[in-house]
Amino acid sequence: MRALNVILGLVLLCTHAAAFTDYLLKKCHQAGFCQRNRDYAKNIQLSHNSYYHIDELSVVVDNTTNTLHADIVKTVPREDIGDVVVRLPFTLAFQQDMLSVRFTIDEKPIEKFNNELLTPYRYNETANWSFANHSGVLDNAPLQWSTQEQQQESNALAWLSNIVFNADEEKVMELTTASSDLRVRLFLETCQINVYDGKELVLAINDRSLLNFEHHRTLEDNFQNMLPEESSYNMFADDFEYSSSDHIPFGPQSVALDFTFAGFNNLFGIPEHADSLRLRETLDEEPYRLFNVDVFQYNLNSRMPMYGAIPLLMSASKDRSVGVFWNNPADTWVDIHYEGSASQSHFMSETGVIDVVVFLGDKPADITDQFTHLTGRPTLPLMSAIGYHQCRWNYNDELDVLTVQENMDREDIPFDFIWLDLEYTDDRKYFTWRPDSFATPGKMLQKLAKYGRQLTVLIDPHLKFTYEASNKVKEHSAEIKNFMGKTYIGRCWPEDSIWIDTMGKIGRTVWDSLFKEFITEKLPSFVDNLQIWNDMNEPSIFNGPETTAPKDLIHDGGFEERAIHNVYGLTVHEATYDSMKQIYSKFDKRPFILSRAYFAGSQRTVAVWTGDNIANWDYLKMSIPMVLSSNIVGLPFNGADVAGFDGNPSPELIARWYQTGIWYPFFRGHAHIDSIRREPYLLEEPIKSNVRDSIRLRYALLPTLYSAFHQSSVDGSPIMKPMFFEYPEYSEFYDIDDQFYVGDYGIVVKPITSTETFSTEIVLAPGIYYDLQSLKSTTVDKLDTVTVDAPLDKIPAFIEGGHLLIKKEVYRRSSKLMINDPYTIVVAPTLSTGSASGKLYVDDGVTFEYESGNYLDVSFTFTNNSVLENTIIHEPSDSKTLGNMYIHKIVLATDGNNVDVGKNAKITVGSDVREVTVEFDEETSSAVIRDAQIRIDEPWRVEF
Ligand SMILES: *[C@@H]1O[C@H](CO)[C@@H](O)[C@H](O)[C@H]1NC(C)=O
Ligand SMILES: *[C@@H]1O[C@H](CO)[C@@H](O)[C@H](O)[C@H]1NC(C)=O
Ligand SMILES: *[C@@H]1O[C@H](CO)[C@@H](O)[C@H](O)[C@H]1NC(C)=O
Ligand SMILES: *[C@@H]1O[C@H](CO)[C@@H](O)[C@H](O)[C@H]1NC(C)=O
Ligand SMILES: *[C@@H]1O[C@H](CO)[C@@H](O)[C@H](O)[C@H]1NC(C)=O
């Protein structure tokens, strides 16, 4: 949430001319480094000059770290005293276990720099945060120079940009590893880096010579240090109205580089933006900006920055994929241009080092897999955290919270989490409870715990100036400092506030102690169901430039905010997670943390959401590409506020938004303080029943969804998955972002996102599709558009033939109460071979015991239109904690004549063979066994 409405008055809210006040944010032409790099790009492509080369004499391979080191030399022509030569240390390495190459370009620390508060070198510890290995160190594969044969072979391939490669005229070094087909060529004279998959060129780096490393210079000698193609716009000053007090102590420091994806005509990734999934051309328009900011009522179809940033750009074709991870947390803009059969990109960051990891793969999922191998796998959440979350700004007091619980139960609407926004605190002081309205939080938590429910409370990184918590932070000097090294004081919810500096170890330790006091000292020892929401951690600062922190603030280690901005939010939520994990270690319980700001690596510890949206159809529609985009860059646990945070949604919109929201990995109802109450039980019929049915469908599918979360925690795979991820071979799918798959379970959904719409068209690959609810089948012969009826109570969703779903169908008040409920298997066979397969993952849904093997992993296969069997992949060490394991119902969907079912089926478990009755349900054309009495965790065979 965001206080712009407080600042601007209620005008926006009342008139509902809702839009973000985007004059508060810079456009590229108002940001010195963005405009300078665009100018440079334009000029250098006209002049064809090259000022960078790799010094061949500097090349050495360190065989202990398997890293190539060299100097990239930047030469600034100068007539008075001769050329200025700047040496930029360059490293390159291939990784073990990945099809990836990482390279870095840094600058030597400044020799004469008289600022005691700031570190004289560029921020180079991003990998400590973004990589799963917090050391930032990777396992590199031994490097090899390629053989002469290989070199000759590849000579013919250097066709890109019409550069005709001639071995005699251009100096090239070519590197490979024994373990893969990845090859890299360094063009020494032009500093171009080509990446090949086998013989094929996949990525050309600096192919357009946009490499620009604004090396250190002073105001006095600036002009002598500029290239003729450079412009000097805002190098030492900032003339943007809201950030004109920026001191810019280092002067220009930007880094920029171009990447050309050869043979690809699409680009995806680099969230967060409220825009299409496939990235748009930015020529003559705004580039995509990555800069974590608070954008209340953000604009749609926009490349303006938002709350989070994941600088992973990816591209795919039918049999090859490539990813580029630009590991830099500074303010960053990315230009995108599609040129024939190539896709071009231009990354521009305000400061920092160039640290890039390139991934190759066959399928787009390979990129997500490797990226999350590098930056960490998505967290496996509490089972309850993938249930329904009920939130509002604000539930007013303990009675209010418990009344919501009571009403949800009375109306048979399941939910697992209830949330407290800002106003539960005593005068907006985090780590306190408002004494009159939340006098006995322990008791309230206990009442919620009865059904396994959790309470999430808001704790933000800004702390009201002068009270216990902020005093403690200041005593330890653990707050963010201003450019003079003094406590930075800005305005946020509690008015004057300071910000915890979790970039530093002291900050994290103090932050941890605040949680420990708040929870272990102030709440009864049995409390294990309090969870945390870190909001406003971009950070949001009401009187700050561009809604956020001044770039000249100083963090631990003497680094400027400018250098670390996009990773700050991650350091806050990771410190929160680490603390909560320790606090709940006595229960061995997984913490749940929601964060608004994020960076690459956030997936390891938190869920996120798409921020302050508006309750209208356009935001509903946009939520789908936004959540998809986050899912493909390794951060699947994301969702949009249902049914729009700000404003009052129509009943129809509410119904449709819940029908969409049940597919978001993170599923939360939330509303602004000024909006009318809209908890599901308050809705009029038939909307109330529609919403109840939607939420119950989510709960029925929890076993399948939880299995999808588990899969994601193993290989990073998306939970809400774009069509082209499932079928990279169909070019038609690359532009589709209003329909999607759910995990690997063959569920394909096309939510209704416009008013008075009662049918829709869905594009499907060849196959048979069974309606998710009615099981009625539709056959598609070739990739085609299918029209689906969608009355208000219907979600256009199918199970694709070849898959198999596991459900729990009994209504319960919460996920915990479902633990002993029987499973239902729904088999959706293909038409051609009459086969289907699926998987189920089960653990206790609460603890970390799965990490030491207490989980069940089982696969199911249906073959030959008749035989269903299971295979136990992993047996739990203590199956008692996993609940009742019985399967009662088996539903075999048919197209009416593809399955020849008798009146009985034969079930074989070990040596025990018995017959069970099969009913044929005419309405759904499915064969149903109602009382199978077989166990999920024991091998069996069912013959229809
Ligand atoms: C960062 O740069 C400094 C100064 O050049 C160097 O001492 C340090 O080792 C570097 N750290 C990393 C993680 O590369
Ligand atoms: C980051 O990692 C490097 C090793 O690569 C280590 O030397 C350094 O201390 C780490 N920095 C922090 C803040 O943990
Ligand atoms: C992280 O470090 C561990 C231990 O050094 C290593 O086994 C693992 O391969 C590393 N991960 C990556 C992605 O390099
Ligand atoms: C290091 O590896 C490179 C590339 O394989 C090789 O050419 C070089 O001889 C090795 N150096 C040493 C000292 O082993
Ligand atoms: C599949 O079913 C057919 C007809 O029922 C039978 O002849 C055949 O042996 C079965 N194949 C397998 C692999 O079970």
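Whatever order the structure lists ligands and atoms in, that order sets their numbers, starting from 1. Counting begins at 1 with the first residue of the sequence.
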Within the structure provided, determine whether Phe431 and Ile459 are in side-chain contact (heavy-atom separation under 4.5 Å).
yes
Heavy-atom cut-off of under 4.0 Å around ligand 1: list whichever protein residues fall inside it, by chain and number.
Pro109, Tyr121, Asn124
pair Asn328-Thr126: side-chain heavy atoms closer than 4.5 Å:
no
Let me see the working for Phe325 and Phe371 under ring-ring contact (aromatic ring centres under 6.0 Å, His included), right down to the final yes or no.
CA-CA 8 Å; Phe325 174 39; Phe371 179 66; 5.0 Å; yes
So that I can tick it off, tell me whether Asp501 and Lys481 are bridged by a salt bridge, with the cut-off set at under 4.0 angstrom between side-chain N and carboxylate O.
no
Flag side-chain contact, heavy atom, 4.5 Å: Leu374 against Gln95
no
What class does the angle between the rings of Phe259 and Phe347 fall in, given that below 30° is parallel, 30 to 60° is tilted and above 60° is perpendicular?
perpendicular
